[in-house]
S.K.: 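Dropping a structure here in structure tokens format, bear with me for questions.
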Amino acid sequence: MRTLGRYGVWAPWQIWPREAGAIAEAAREVEALGFGTLWIGGSPGDDLDLAESVLAATTTLVVGTSIVDIWTSDGARVAASHARVRQRFPERFYLGVGSGHAVTAEAHGQAYTRPLTRLREFLTGPLATVPAGERMIAALGPRTLRTAAELTAGALPYLMPPSHTAEARRVLGTGPLLAPEQKIVLTADPAVARQAARRTLRPYLSLPNYTRQLARYGLDESDLTGDGSDRLVDQAVLWGDAGTIRAGVDAHLAAGADHVAVQVLTETGNPATIPRPQWRELAELLGLGTATEHNRETLP
């Protein structure tokens with residue numbers, strides 16, 4: 001498999017254009033800017049059509065899903081879609097799966113199953129045909145991280161600080177991939193940055209799988225109620241001058257990450273369309289113009 005590169009772009013599938021030409025143009029720009037990987041977030045469909053379109057438009061860019069939801073996706077369809085994509089684009093696609101926002105099975109008319117149990121069944125059942133080295137899982141807690149190390153190429157933590165990255169690396173060991181997501185707002189105005197961050201973070205404050213983990217890393221109940229404290233916002237979403245944002249992203253690498261998937265928020269929060277101008281600014285901030293070859297290495 002090709003390496004992920006040090007830096008990637010994380011963008012939810014919902015903000016991508018529907019026209020094939022527009023998808024191709026945006027994908028080619030991500031590759032040209034020097035990002036190693038494009039992560040398609042927000043529970044993309046089990047047909048993997050968007051990932052396939054991005055791969056078809058590019059030549060070296062790695063693409064991953066972050067993540068296909070195990071509750072809402074058909075396992076056999078996911079496996080068949082992966083086989084199709086893998087055949088066309090070998091060594092360039094990582095299938096990321098997970099339990100989404102800890103939505104219970106009952107919400108989808110299924111008998112109750114613990115999320116980790118369901119995830120393991122998904123990996124060892126319908127996804128058994130997907131090579132372990134080509135799949136990753138959303139993982140926050142120690143048990144899920146250990147499952148990532150046991151059954152997949154590695155872990156895709158979301159919304160967690162560098163201190164979590166350090167703990168995740170300890171649990172995973174030295175071999176598995178670790179690719180945390182990190183949100184940023186490209187502004188030095190604290191009021192603008194925090195307003196944008198809160199619009200994005202608000203839904204997560206009602207999800208215990210996130211709040212339990214965040215409380216382990218320097219936050220308490222007062223930080224995680226209402227719209228969240230400034231302390232939460234500033235931990236979860238990087239903002240400030242270029243040096244501050246770069247240092248915050250690189251803190252994950254220093255803590256043991258192989259790669260950081262950067263999600264760019266606009267000044268209004270989640271972007272309505274793919275934020276191509278901000279991706280250009282991010283690439284410059286990260287110095288990717290001189291690092292393209294590093295982001296295209298192939299694993300031995």
S.K.: Would you call Glu167 and Arg170 a salt bridge, taking side-chain N to carboxylate O under 4.0 Å as the test?
M.R.: yes

S.K.: Can you tell if the side chain of Leu50 reaches within under 4.5 Å of the side chain of Pro44, non-hydrogen atoms only?
M.R.: no

S.K.: Using the test side-chain hydrogen bond (donor to acceptor under 3.5 Å, both in side chains), find all partners of Thr165 that sit at least two apart in sequence or belong to another chain.
M.R.: His252

S.K.: Is there a side chain to side chain donor-acceptor pair (under 3.5 Å) between Gln263 and Tyr158? Walk through the geometry before answering.
M.R.: CA-CA 10 Å; Gln263 180 178 180; Tyr158 186 86; 3.3 Å; yes

S.K.: Report whether Val260 and Leu172 are members of the same hydrophobic cluster (ILVMFWY, side-chain heavy atoms less than 4.5 Å apart, transitive linking).
M.R.: no

S.K.: Applying side chain to side chain contact (heavy atoms under 4.5 Å, CB included), can you list everything that pairs with Glu19, at least two apart in sequence or on another chain?
M.R.: Pro17, Ala22

S.K.: Could you give all pairs that pass the salt bridge (Lys or Arg N to Asp or Glu O under 4.0 Å) test and reach residues 250-266, with sequence neighbours left out?
M.R.: Arg169-Asp258, Arg246-Asp250

S.K.: Using modelled atom types only, decide if a donor and an acceptor are shared between the side chain of Glu31 and the backbone of Thr60 within a distance under 3.5 Å.
M.R.: yes

S.K.: Is a donor on one side and an acceptor on the other found under 3.5 Å between the side chain of Thr152 and the backbone of Gly154?
M.R.: yes

S.K.: Atom CD in Gln87, atom NE2 in His82: separation rounded to 0.5 Å?
M.R.: 11.5 Å

S.K.: Cut-off 3.5 Å, no hydrogens considered: what does the side-chain donor-acceptor table look like for residues 139-149, sequence neighbours left out?
M.R.:
unit_1 : atom_1 : unit_2 : atom_2 : d
Thr147 : OG1    : Arg120 : NH1    : 3.2
Thr147 : OG1    : Arg143 : O      : 3.1

S.K.: Asp69 and Ser99: which non-hydrogen atoms are nearest, and at how many Å?
M.R.: OD1-C, 4.3 Å

S.K.: In chain order, what residues pass the side chain to side chain contact (heavy atoms under 4.5 Å, CB included) check against Arg88, with sequence neighbours excluded?
M.R.: Glu52, Ala56

S.K.: Evaluate side chain to side chain donor-acceptor pair (under 3.5 Å) for Ser222 paired with Asp220, printing each intermediate quantity in order.
M.R.: CA-CA 6 Å; Ser222 66; Asp220 58 35; 2.5 Å; yes

S.K.: Should the pair Tyr204 and Tyr210 be assigned to parallel (<30°), tilted (30 to 60°) or perpendicular (>60°) ring geometry?
M.R.: perpendicular

S.K.: Suppose we screen for side-chain hydrogen bond (donor to acceptor under 3.5 Å, both in side chains). Which residues come up paired with Thr268, at least two apart in sequence or across chains?
M.R.: Thr266

S.K.: Minimum heavy-atom separation for Ala251 to Pro162, with atom names?
M.R.: CB-CG, 3.7 Å

S.K.: Check whether any side-chain heavy atom of Leu4 lies under 4.5 Å from a side-chain heavy atom of Trp39, and answer yes or no.
M.R.: yes

S.K.: Specify the closest pair of heavy atoms between Pro126 and Ala76, including all atoms of both residues, with the distance to one decimal.
M.R.: CB-N, 3.9 Å

S.K.: Under a 4.5 Å side-chain heavy-atom rule over Ile, Leu, Val, Met, Phe, Trp and Tyr, are Leu207 and Leu159 clustered together?
M.R.: yes

S.K.: Working to the nearest 0.5 angstrom, can you tell me the gap between Phe93 CZ and Ser81 OG?
M.R.: 9.0 Å

S.K.: Would you say Leu282 and Phe35 make side-chain contact, with heavy atoms under 4.5 Å?
M.R.: yes

S.K.: Counting distance only, does the side-chain N/O of Thr65 pair as donor-acceptor with the main-chain N or O of Ile40 below 3.5 Å?
M.R.: no

S.K.: If the condition is ring pair (Phe, Tyr, Trp, His ring centres under 6.0 Å), which residues does Trp239 pass it with, not counting sequence neighbours?
M.R.: none

S.K.: Using modelled atom types only, decide if a donor and an acceptor are shared between the side chain of Gln182 and the backbone of Ala236 within a distance under 3.5 Å.
M.R.: yes

S.K.: Kindly indicate, with the supporting measurements, whether the criterion side chain to side chain contact (heavy atoms under 4.5 Å, CB included) is fulfilled by Leu177 and Tyr94.
M.R.: CA-CA 11 Å; Leu177 293 172; Tyr94 280 96; 3.6 Å; yes

S.K.: Treat each ILVMFWY residue as a node, draw an edge where side-chain heavy atoms are under 4.5 Å apart, and state whether Ile137 and Leu178 are in one component.
M.R.: no

S.K.: Apply the test side chain to side chain contact (heavy atoms under 4.5 Å, CB included) to residues Val262 and Leu238: give CA-CA distance (whole Å), side-chain angles for both, the deciding distance (0.1 Å), then the verdict.
M.R.: CA-CA 10 Å; Val262 183; Leu238 299 174; over 6 Å; no

S.K.: Would you mind reporting whether Val78 and Ile70 have side-chain heavy atoms less than 4.5 Å apart?
M.R.: no

S.K.: Test of understanding: with side chain to side chain contact (heavy atoms under 4.5 Å, CB included), list the residues that count as partners of Leu205, not counting sequence neighbours.
M.R.: Leu224, Leu232

S.K.: Go through it in stages, so that I can follow the logic: the residues are Glu134 and Leu95, the test is side chain to side chain contact (heavy atoms under 4.5 Å, CB included), and I'd like the CA-CA distance, side-chain angles, deciding distance and then a yes or no.
M.R.: CA-CA 6 Å; Glu134 298 180 21; Leu95 176 64; over 6 Å; no

S.K.: In sequence, state the C-alpha distance, the side-chain angles, and the governing distance for Val264 and Glu281, and then conclude on side chain to side chain contact (heavy atoms under 4.5 Å, CB included).
M.R.: CA-CA 10 Å; Val264 176; Glu281 187 177 348; over 6 Å; no

S.K.: Are Arg194 and Asp227 within salt-bridge range, i.e. N to O under 4.0 Å?
M.R.: no

S.K.: Membership question, hydrophobic clusters at under 4.5 Å side-chain separation (ILVMFWY): are Leu288 and Leu253 in the same one?
M.R.: yes

S.K.: Does the side chain of Val237 reach to within under 4.5 Å of the side chain of Thr200, using non-hydrogen atoms?
M.R.: no

S.K.: Hey, does Thr37 have a side-chain heavy atom less than 4.5 Å from the side chain of Leu61?
M.R.: no

S.K.: Heavy atoms, side chains only, cut-off 4.5 Å: are His164 and Pro157 in contact?
M.R.: yes

S.K.: Could you pull out the closest heavy-atom pair between Arg216 and Arg212, with the gap in Å?
M.R.: CG-O, 3.4 Å

S.K.: Any heavy-atom pair between the side chains of Gln235 and Asp223 that's under 4.5 Å?
M.R.: no

S.K.: Does the Arg198 side chain pair with the main chain of Ala196, one donor and one acceptor, at a distance under 3.5 Å?
M.R.: no

S.K.: Kindly give the heavy-atom pair with the smallest separation between Ile245 and Val185, and that separation in Å.
M.R.: CD1-O, 3.7 Å

S.K.: With distance as the sole test, does Arg135 use its side chain to make a donor-acceptor pair with the main-chain N or O of Leu151 at under 3.5 Å?
M.R.: yes

S.K.: Rounded to the nearest 0.5 Å, what's the gap from CG on Leu123 to CZ on Arg118? Could you check?
M.R.: 10.5 Å

S.K.: Minimum heavy-atom separation for Trp10 to Ser66, with atom names?
M.R.: NE1-OG, 3.0 Å

S.K.: Main chain of Gly42, side chain of Trp13: is a donor-acceptor contact present, judged purely on distance under 3.5 Å?
M.R.: yes

S.K.: Please, which pairs that meet salt bridge (Lys or Arg N to Asp or Glu O under 4.0 Å) have at least one residue in residues 33-49, sequence neighbours excluded?
M.R.: Asp46-Arg77, Asp49-Arg84

S.K.: If you count the non-hydrogen atoms of other residues, nucleotides and ligands that lie under 6.0 Å from CD in Glu121, is the total more than 12?
M.R.: yes

S.K.: Tell me who clusters with Val192, hydrophobic residues only, linked when side chains sit under 4.5 Å apart either directly or through other members.
M.R.: none

S.K.: What residues, two or more places apart in sequence or in another chain, satisfy side-chain hydrogen bond (donor to acceptor under 3.5 Å, both in side chains) together with Ser53?
M.R.: none

S.K.: Membership question, hydrophobic clusters at under 4.5 Å side-chain separation (ILVMFWY): are Leu186 and Ile15 in the same one?
M.R.: yes

S.K.: Rounded to the nearest 0.5 Å, what's the gap from CG on Leu156 to CE on Met136? Could you check?
M.R.: 4.0 Å

S.K.: Please enumerate all residues that pass salt bridge (Lys or Arg N to Asp or Glu O under 4.0 Å) together with Asp241, with sequence neighbours excluded.
M.R.: none

